[in-house]
Colleague: 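Mind looking over this structure? Questions follow.
Note that these values count all heavy atoms, side chains included, but never hydrogens, waters or copies made by symmetry. Chain letters run A, B, ... following the sequence lines, proteins first, then strands; residues in each count from 1.
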2 protein chains.
Amino acid sequence: MTEKVTIADVARLAGVSRQTVSNALNTPDVVREETRQRVLEAVERLGYRVNQAARQMRTGRSRLIAIRIEPDRDGINGSVLDRFLHGLTDSAARSGYRVLLYTADGDRGEIDTIEDLLGAYEPDAFVLTSTHHDDLRTSWLRERKVPFVTFGRPWGDLDGAGHPWVDVNGAAGTAAATRHLLAAGHRRIGFLGWPPGSGVGDDRREGWARTLAAAGIDPGGLSRATSDGVADGEAAAHDLLGPGGSGVTALVCVSDSLALGALHAARSPGLAWRAGGSADRPVAVIGFDDTPVAKAVGLTSVSQPLAEAAAGCVALLARLLDGPAPAPDDPPAHELLDPSLVVRQSA
Amino acid sequence: MTEKVTIADVARLAGVSRQTVSNALNTPDVVREETRQRVLEAVERLGYRVNQAARQMRTGRSRLIAIRIEPDRDGINGSVLDRFLHGLTDSAARSGYRVLLYTADGDRGEIDTIEDLLGAYEPDAFVLTSTHHDDLRTSWLRERKVPFVTFGRPWGDLDGAGHPWVDVNGAAGTAAATRHLLAAGHRRIGFLGWPPGSGVGDDRREGWARTLAAAGIDPGGLSRATSDGVADGEAAAHDLLGPGGSGVTALVCVSDSLALGALHAARSPGLAWRAGGSADRPVAVIGFDDTPVAKAVGLTSVSQPLAEAAAGCVALLARLLDGPAPAPDDPPAHELLDPSLVVRQSA
DNA sequence: TTCCTTTACTTGAACGATCTAATCATGCCT
DNA sequence: AGGCATGATTAGATCGTTCAAGTAAAGGAA
């Protein structure tokens with residue numbers, strides 16, 4: 001460990017008081033320019049760094065942002081959160097914040113952990129992911145006026161504009177995917193989604209349906225809903241592409257897991273090559289999230305701008321924490337980002 | 001925000017002094033049992049939680065463990081670190097520690113960041129990943145007597161037993177993979193690795209070579225080295241399986257990326273089905289790391305016990321931080337974990 | 001000159017915990 | 001009874017920073 005350098009050491013070397021050192025660093029406009037220079041030089045020479053714990057005691061600010069790290073459920077889509085996490089750590093550092101991790105089970109468990117953290121480490125803010133309908137966490141945090149941002153829009157109506165959020169426009173992503181397929185000449189474009197009720201899934205389905213309708217195609221009967229898993233996707237795709245099928249020649253999927261399953265189904269001998277009509281034109285498949293798996297198997301996929309989303313979260317938090325107090329009737333800010341389509345061999 | 005509860009509030013309610021409250025919580029054996037109960041009750045009733053910043057000021061301990069989160073380089077193997085991270089956060093919490101994240105570029109950049117953190121947040125320890133030969137970071141930390149553990153053994157000889165570490169026995173993993181293939185009747189088992197010099201890669205290659213040799217098979221000419229990438233793996237596999245080839249019927253790979261490339265090569269029409277000898281017995285492929293990609297494409301792979309590794313790191317740190325001071329000539333502890341083989345369709 | 005402002009800086013207190021040393025019973029031994 | 005460990009508790013100092021209040025000097029208006 002290096003010997004500790006305190007503000008008093010700097011003050012002594014610069015020939016000023018502790019408070020002047022503090023001012024030179026935190027409120028430069030109240031010190032004479034020449035004094036400021038002298039202080040900065042002393043800071044440099046001693047390698048002084050402000051002690052967060054002491055500062056936190058006085059100011060009540062920890063300059064910590066806490067976020068939950070989830071176990072990667074099926075393993076495929078887990079990587080989305082991790083890329084977001086990396087972006088968050090990076091952006092936070094640029095704004096002078098650090099990222100603190102925690103784990104928890106379920107909404108209730110997360111609330112308990114948050115309460116613990118607030119008492120002990122006093123993070124300045126939280127970033128919540130995986131928002132859903134009737135999210136206990138957001139209401140709990142709002143009640144206690146704890147600053148937070150969600151990555152994922154508030155899906156309940158009541159919540160409306162209750163807190164700042166950043167999200168990716170899933171509908172725009174599936175719409176772009178659908179347009180891409182239309183441009184390639186496909187007409188009967190199917191959709192593999194999740195059961196209705198999940199905000200994210202419904203949003204993505206809607207982008208596909210809307211785009212088909214705009215092209216004069218009835219999306220009716222062209223979609224299937226299933227839980228998220230490769231096997232589930234394969235089964236649903238079989239159903240959609242199979243004999244009694246709908247003549248579907250391309251599939252937009254709500255996730256890379258389902259898309260991968262669809263890809264398996266589409267390439268199973270004797271089915272897919274026929275479904276699309278010709279052997280040199282297999283069923284096209286597009287996934288969502290542009291996970292490593294998509295890259296590895298050549299799956300065209302909708303890519304979320306995760307670094308930008310993370311930067312957006314930090315920006316909103318910084319405004320909340322370091323900016324001027326917002327007007328009482330000012331609605332919380334939010335940001336909706338457009339994803340992009342990464343085209344590979346599968347479509 | 002909830003109103004703050006301090007140790008003084010608890011003391012008042014329990015009718016004792018602040019110090020007694022502190023003792024009841026931190027050194028229970030010096031307070032009378034009855035007093036302790038009274039204090040704990042007051043703690044419970046007020047929802048008191050010790051303020052880390054204040055405690056840290058006095059004790060110099062932050063109860064923070066810092067770790068670098070890397071951008072997922074090729075995206076496939078990135079998920080390894082993330083699973084480790086989750087395990088680390090979980091284990092740390094159980095030992096009363098929290099995990100702080102940071103990013104940095106290169107050894108030098110990481111050292112700068114570590115220096116920053118030490119001055120500001122004063123983490124009690126660091127966990128270093130991706131150790132390599134001539135690691136600047138380990139020597140820097142050792143010089144300054146900053147507690148740390150590495151996930152990955154020290155690859156340089158000099159470093160020897162210079163610091164505690166946890167690692168996974170890569171050689172044991174490839175040995176298990178090779179034995180699995182031998183048991184399935186394969187004789188000419190190839191290896192796709194990285195260029196010599198990386199400790200991890202050499203270790204994994206050695207497990208394969210040793211096992212083949214033990215079975216009376218000369219590993220000479222059965223391996224190729226290339227950089228880590230799906231395309232690289234495909235090219236190297238083509239070379240090994242190709243016409244002038246070595247009659248290889250199975251491949252052990254140093255990573256899932258290379259294995260995936262090998263799988264592509266092995267399934268490319270007209271080559272692989274022949275190389276192995278028969279159409280109903282394609283070339284077998286085994287990867288390393290059991291990434292989501294492996295799961296998705298049915299690739300048999302060597303799985304690292306990441307949660308255990310993380311728990312091991314925390315255990316070593318806890319011993320270092322909370323345990324008694326080790327004898328000066330006591331070599332730092334370490335732990336070498338055995339991976340397991342996850343068998344899927346590819347082998 | 002006197003009084004009031006403004007600028008630049010300093011002093012003491014406070015944040016909430018723990019450490020050190022002191023206090024106060026209590027029991028035991030001589 | 002006096003002396004002395006021993007155990008349980010308390011009072012005051014302290015960690016490093018920033019806030020709030022204060023001082024000293026210079027400038028301007030009356």
Side-chain angles (χ1 to χ4, degrees), chain A residues 1-40 42-43 46-64 96 117-122 124 322, chain B residues 1-40 42-43 46-64 96 117-122 124 322:
Chain A
M1 300 272 197
T2 323
E3 64 297 339
K4 269 194 190 174
V5 180
T6 78
I7 211 172
D9 299 324
V10 176
R12 203 172 311 121
L13 179 59
V16 294
S17 70
R18 290 165 325 197
Q19 184 60 34
T20 299
V21 174
S22 175
N23 286 336
L25 296 173
N26 302 316
T27 9
D29 44 312
V30 308
V31 268
R32 204 151 37 111
E33 174 60 18
E34 182 228 313
T35 316
R36 197 178 68 87
Q37 286 300 338
R38 198 146 35 90
V39 170
L40 291 186
V43 165
L46 297 176
Y48 168 77
R49 277 174 181 86
V50 61
N51 180 307
Q52 267 304 322
R55 165 180 281 181
Q56 177 181 346
M57 265 243 269
R58 196 69 255 251
T59 63
R61 311 291 299 276
S62 62
R63 303 207 75 85
L64 287 176
L117 283 172
L118 282 174
Y121 290 87
E122 304 182 290
D124 291 338
D322 302 322
Chain B
M1 301 274 196
T2 325
E3 65 297 339
K4 270 194 190 173
V5 180
T6 78
I7 209 172
D9 299 324
V10 177
R12 203 172 310 121
L13 179 59
V16 295
S17 70
R18 290 164 323 187
Q19 185 58 33
T20 298
V21 175
S22 175
N23 285 337
L25 296 173
N26 303 317
T27 10
D29 44 312
V30 307
V31 253
R32 202 151 37 112
E33 174 59 19
E34 182 228 312
T35 316
R36 198 178 66 88
Q37 286 300 340
R38 197 146 35 91
V39 169
L40 292 186
V43 164
L46 296 176
Y48 168 78
R49 278 175 180 86
V50 59
N51 180 308
Q52 267 304 322
R55 165 181 280 182
Q56 177 180 348
M57 266 244 270
R58 197 67 254 256
T59 63
R61 311 290 300 275
S62 61
R63 302 206 76 84
L64 287 176
L117 283 172
L118 283 174
Y121 290 87
E122 305 182 290
D124 290 339
D322 302 322

Colleague: Can you run down the salt bridge (charged side-chain N to carboxylate O under 4.0 Å, His left out) pairs that involve residues 21-35 of chain A, sequence neighbours left out, and say none if there aren't any?
Modeller: A:R32-A:E34, A:E33-A:R36, A:E34-A:R38
Colleague: Below 4.0 Å from chain A heavy atoms, what is the first contacting nucleotide of DNA chain C and what is the last?
Modeller: C:dA8 to C:dG16
Colleague: Using the side chain to side chain donor-acceptor pair (under 3.5 Å) criterion, which residues pair with A:R55? Sequence neighbours excluded.
Modeller: A:N26
Colleague: Report each atom pair, protein N/O against N/O of nucleotides 23-28 of chain D, whose distance is under 3.5 angstrom.
Modeller:
none

Colleague: Send over the distance from B:E34 CD to D:dG7 C1', rounded to a whole Å.
Modeller: 15 Å
Colleague: Taking side-chain contact (heavy atoms from CB on, under 4.5 Å) as the definition, give me every residue that meets it alongside B:S62, ordered by chain and number, with sequence neighbours left out.
Modeller: B:Q56, B:L64, B:D124
Colleague: Suppose we screen for side chain to side chain donor-acceptor pair (under 3.5 Å). Which residues come up paired with B:T59, at least two apart in sequence or across chains?
Modeller: none
Colleague: Are B:N51 and B:T6 close enough that some pair of their side-chain heavy atoms sits under 4.5 Å apart?
Modeller: no
Colleague: Of B:M57 and B:D29, whose closest DNA chain D nucleotide lies nearer the 5' terminus?
Modeller: B:D29
Colleague: Quick test: give all pairs of protein nitrogen or oxygen and nucleotides 18-20 of chain D nitrogen or oxygen below 3.5 Å, distance rounded to 0.1 Å.
Modeller:
| residue | atom | partner | partner atom | Å |
| --- | --- | --- | --- | --- |
| D:dT18 | OP1 | A:N26 | ND2 | 2.9 |
| D:dT18 | OP1 | A:R55 | NE | 3.2 |
| D:dT18 | OP1 | A:R55 | NH2 | 3.1 |
| D:dT18 | OP2 | A:S22 | OG | 2.7 |
| D:dT18 | O2 | A:R58 | NH1 | 2.8 |
| D:dC19 | O4' | A:R58 | NH1 | 3.4 |
| D:dC19 | N4 | A:Q19 | OE1 | 2.4 |

Colleague: Would you say that A:L25 contacts A:V50 through its side chain, given a criterion of any heavy-atom pair below 4.5 Å between the two side chains?
Modeller: no
Colleague: Under the side chain to side chain donor-acceptor pair (under 3.5 Å) rule, collect the residues that match up with A:Q52, sequence neighbours excluded.
Modeller: none
Colleague: A:L117: which residues meet the side-chain contact (heavy atoms from CB on, under 4.5 Å) condition with it, sequence neighbours left out?
Modeller: A:A66, A:L100, A:Y102, A:T113, A:Y121, A:P123, A:F126, B:R98
Colleague: Applying side chain to side chain donor-acceptor pair (under 3.5 Å), can you list everything that pairs with A:R63, at least two apart in sequence or on another chain?
Modeller: none
Colleague: Could you go through B:V39 and B:V31, starting from their C-alpha distance and side-chain angles, then the distance that decides it, and tell me whether this counts as side-chain contact (heavy atoms from CB on, under 4.5 Å)?
Modeller: CA-CA 10 Å; B:V39 169; B:V31 253; over 6 Å; no
Colleague: Under a 4.0 Å threshold between the charged nitrogen and the carboxylate oxygen, would A:E122 count as salt-bridged to B:R49?
Modeller: no
Colleague: Would a 4.5 Å heavy-atom cut-off, applied to side chains only, mark B:N23 and B:T35 as touching?
Modeller: no
Colleague: Could you tell me, to 10°, how much the axis swings from one end of the helix from C:dT1-D:dA30 to C:dT30-D:dA1 to the other, five pairs per end?
Modeller: 70°
Colleague: Considering every strand and a 4.0 Å limit on heavy-atom distances, what is the contact class for B:T6: base, sugar-phosphate, or nothing?
Modeller: sugar-phosphate
Colleague: By the salt bridge (charged side-chain N to carboxylate O under 4.0 Å, His left out) test, which pairs, at least two apart or in different chains, include something from residues 5-18 of chain A?
Modeller: A:D9-A:R12
Colleague: In whole Å, I'd like the distance from the CD atom of B:E122 to the P atom of D:dT17.
Modeller: 9 Å
